[in-house]
Visitor: 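For reference, the structure I am asking about is given below.
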Amino acid sequence: MNITGLEGLVFGVDDVAACTQYLTDYGLEPIGAGRFEALDGTAITIAAADATHLPPALGTGSMLRKTIYGVADQATLAAIAAELRTDREVKQLADGSIEALDDMGFLLGFQLTARRALDLRAEAVNAPGASVRRPLNIPAVNEQAEARPRTLSHVVYFVPDAAKAEAFYTGRLGFRCTDRLLGAGPFLKPAGTDDHHTLFLIQTPPFMKGCEHFTFHMGGPTEVMLAGTRFVNKGYQSFWGPGRHKMGSNWFWYFNSPLGCHVEYDADMDLHDDEWVARQAPMSADASQLFLFQSRDKWAPGGPPPGKGGPPVVKGV
């Protein structure tokens, strides 16, 4: 199954105006009809929760209505349809895509990939002993630099039966487990991408079933920090980060959102092929994060020199 990765997510939301502002401030481009695109055309689409054209809700508090995957060719699309029709309904839509439910009740769409190819620079880093990556007299820090989401990276599901959910994706759709957090679930990637994961499954009680978070890849850790800082300065609440994960190695920064889930910026995810051997570790903070950052407004002592107006004042103590 040559599934290339995520093409889009569809949400039915309570507050269209708030979600529109949020996704725009996050850095996605409003295209119209509730669609917000990254640089490669992967997208989040929103509509009012009671919109009649939306697929049914999951029956929990989750606002996610549909997860859309891209495939490399028509043969893959036909193979997925044939495989899933052996035990469930597969709908053929007017645009040529198909959709079906997974074993947890999440609606999946499959379409020929429409991702636009990107030709962009990655973040350049200078280091002693390595050839110069960033030219002389070119500062790495530019407060006015653009930091735009490049492509939809991955989605995380809360599921009531992680083992059953994993068996569906690996056994029916050709996904592969790259790593596993014991007590939570597997990181999964489809055959058509080398990204560490496109889907992560987390075992939860049934009433929590839904989308925990989604994220877009940025151009590097500096873009994660820059976009996240701008997001905070616009009044959005940071949930977790910034930091760097252990499994996948991606830099991260998560935020609360009006879409009923968390939304992340990420960058520099590991790439794996079929030779990679999946690791496993018990679910814990130590297993999920290499380090975290914490900002500090006042970090240096201040005041006049000795004898020039009294002893120095130490700030932030």
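Quick caveat, the model's predicted, so the values are computed rather than measured. If you read the sequence from its start, that first residue is 1, and numbering goes on from there.
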Visitor: Do W253 and S238 get their side chains close enough for a donor-acceptor pair, meaning under 3.5 Å?
Guide: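 There is such a pair between these side chains.
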
Visitor: If we ignore angles and hydrogens, is there a donor and acceptor under 3.5 Å between the side chains of Y157 and T67?
Guide: yes

Visitor: Between D14 and A49, what is the shortest heavy-atom contact and its length?
Guide: OD1-CB, 4.1 Å

Visitor: Under 3.5 Å, is there a donor-acceptor pair linking the side chains of T42 and D40?
Guide: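 Per modelled atom types, T42 and D40 side chains form a pair under 3.5 Å.
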
Visitor: With ring-ring contact (aromatic ring centres under 6.0 Å, His included) as the test, pick out the partner of F252 among F291, W240, F216.
Guide: W240

Visitor: With heavy-atom distances below 4.5 Å as the criterion, would you say the side chains of H196 and L271 are in contact?
Guide: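 In short, these two side chains do not touch, never coming nearer than 4.5 Å.
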
Visitor: I'd like to know whether R85 forms a salt bridge (Lys or Arg N to Asp or Glu O under 4.0 Å) with E83, so could you lay out the CA-CA distance, the side-chain angles of the two residues, the decisive distance to 0.1 Å, and finally the verdict.
Guide: CA-CA 6 Å; R85 281 197 178 106; E83 168 63 31; over 6 Å; no

Visitor: Between F11 and F214 (judged by ring centroids, cut-off 6.0 Å), do the two rings come close enough to count as a pair?
Guide: yes

Visitor: Decide whether T222 and E123 meet the rule of one side-chain donor and one side-chain acceptor closer than 3.5 Å.
Guide: yes

Visitor: So, the side chain of D179 versus the backbone of F187: is there a donor-acceptor pair under 3.5 Å, distance only?
Guide: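 Here the side-chain-to-backbone pair does not exist.
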
Visitor: Before you tell me yes or no, could you show the steps for E223 and R230 under salt bridge (Lys or Arg N to Asp or Glu O under 4.0 Å), namely the whole-Å CA-CA distance, both residues' side-chain angles and the distance that decides it to 0.1 Å?
Guide: CA-CA 10 Å; E223 285 195 11; R230 290 170 176 170; over 6 Å; no

Visitor: Would you kindly say whether D194 and H272 are connected by a side-chain donor-acceptor distance under 3.5 Å?
Guide: no

Visitor: For the rings on Y69 and F175, is their centre-to-centre separation under 6.0 Å?
Guide: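 Centroid separation for Y69 and F175: below 6.0 Å.
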
Visitor: How about E212 and H262: does a side-chain donor come under 3.5 Å of a side-chain acceptor?
Guide: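 Note: E212 and H262 side chains meet the donor-acceptor criterion.
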
Visitor: With a sphere of 6.0 Å drawn around CZ of R133, does it hold more than 12 non-hydrogen atoms of other residues, nucleotides or ligands?
Guide: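 Counting other residues, nucleotides and ligands, CZ of R133 stays at 12 neighbours or fewer.
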
Visitor: Hey, are Y169 and D102 close enough side-chain-wise for a donor-acceptor pair under 3.5 Å?
Guide: yes

Visitor: Would you say E89's side chain and A100's backbone share a donor-acceptor pair under 3.5 angstrom?
Guide: no

Visitor: Checking salt bridge (Lys or Arg N to Asp or Glu O under 4.0 Å) for the pair D103/K164: CA distance, chi angles, key distance, verdict?
Guide: CA-CA 7 Å; D103 282 353; K164 183 178 180 180; 5.4 Å; no

Visitor: Within the side chain of R176, is there an N or O that forms a donor-acceptor pair under 3.5 Å with the backbone of D274?
Guide: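 Yes, the answer is positive, given that a donor and an acceptor are paired below the 3.5 Å cut-off.
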
Visitor: Heavy atoms, side chains only, cut-off 4.5 Å: are L39 and L120 in contact?
Guide: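 Side-chain contact under 4.5 Å: yes.
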
Visitor: Of all heavy-atom pairs between M218 and P149, which one has the smallest distance, and what is that distance?
Guide: SD-CA, 3.5 Å

Visitor: Between R65 and T45, do the side chains contain an N or O donor and an N or O acceptor separated by less than 3.5 Å?
Guide: no

Visitor: Assign the ring pair H154 / H197 to parallel, tilted or perpendicular, where the plane angle (0 to 90°) is split at 30° and 60°.
Guide: tilted

Visitor: Show your working on side chain to side chain contact (heavy atoms under 4.5 Å, CB included) between L290 and H245 and close with a plain yes or no.
Guide: CA-CA 6 Å; L290 178 64; H245 287 307; over 6 Å; no

Visitor: Could you check whether any side-chain heavy atom of I98 comes within less than 4.5 Å of a side-chain heavy atom of L93, counting everything from C-beta outward?
Guide: no

Visitor: L259 and M208: same hydrophobic cluster, using ILVMFWY side-chain contacts below 4.5 Å?
Guide: no

Visitor: Determine the interplanar angle of the Y26 and Y265 rings, folded into 0 to 90°, and report it as parallel if under 30°, tilted if 30 to 60°, perpendicular if over 60°.
Guide: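 The rings of Y26 and Y265 lie parallel, inter-plane angle below 30°.
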
Visitor: In Å, rounded to the nearest 0.5 Å, how long is the span from CG of N250 to CG of D195?
Guide: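 Taking CG in N250 and CG in D195, the distance rounds to 9.0 Å.
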
Visitor: For T151 and R115, does a side-chain donor sit closer than 3.5 Å to a side-chain acceptor?
Guide: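 Yes, side-chain donor-acceptor contact under 3.5 Å.
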
Visitor: Should the pair F231 and Y22 be assigned to parallel (<30°), tilted (30 to 60°) or perpendicular (>60°) ring geometry?
Guide: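 The arrangement is perpendicular - the two ring planes meet at more than 60°.
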
Visitor: Salt bridge between D266 and R150, side-chain N to carboxylate O under 4.0 Å?
Guide: no

Visitor: Decide yes or no on salt bridge (Lys or Arg N to Asp or Glu O under 4.0 Å) for R244 and D268, but give the supporting numbers first.
Guide: CA-CA 10 Å; R244 190 164 197 177; D268 194 18; 2.8 Å; yes

Visitor: Quick one: pull up CE in M63 and CD1 in I46 and give me the separation to the nearest 0.5 Å.
Guide: 10.5 Å

Visitor: Is R180 close to E166 at the side-chain level, that is, under 4.5 Å between some pair of heavy atoms?
Guide: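 Yes, side chains in contact.
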
Visitor: Can you tell me how far CG of L77 sits from CD of Q111, rounded to the nearest 0.5 angstrom?
Guide: 9.0 Å

Visitor: Is there a side chain to side chain contact (heavy atoms under 4.5 Å, CB included) between I68 and L6? Walk through the geometry before answering.
Guide: CA-CA 6 Å; I68 304 169; L6 291 169; over 6 Å; no

Visitor: So do the side chains of F168 and L108 get within less than 4.5 Å of each other, counting heavy atoms only?
Guide: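 Heavy-atom side-chain distance check passes, below 4.5 Å.
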
Visitor: Under a 4.5 Å cut-off applied to non-hydrogen side-chain atoms, are T204 and V159 in contact?
Guide: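 A side-chain contact is absent here, since even the closest heavy-atom pair is not under 4.5 Å.
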
Visitor: Less than 6.0 Å separating the ring centroids of F255 and F239?
Guide: no

Visitor: Kindly say whether L9 contributes a backbone atom to a donor-acceptor pair with the side chain of K66 at under 3.5 angstrom?
Guide: no

Visitor: In the structure I gave you, are the side-chain heavy atoms of S288 and M247 within less than 4.5 Å of one another anywhere?
Guide: no

Visitor: Quick one, T4 and T193 - any side-chain contact, counting heavy atoms below 4.5 Å?
Guide: no

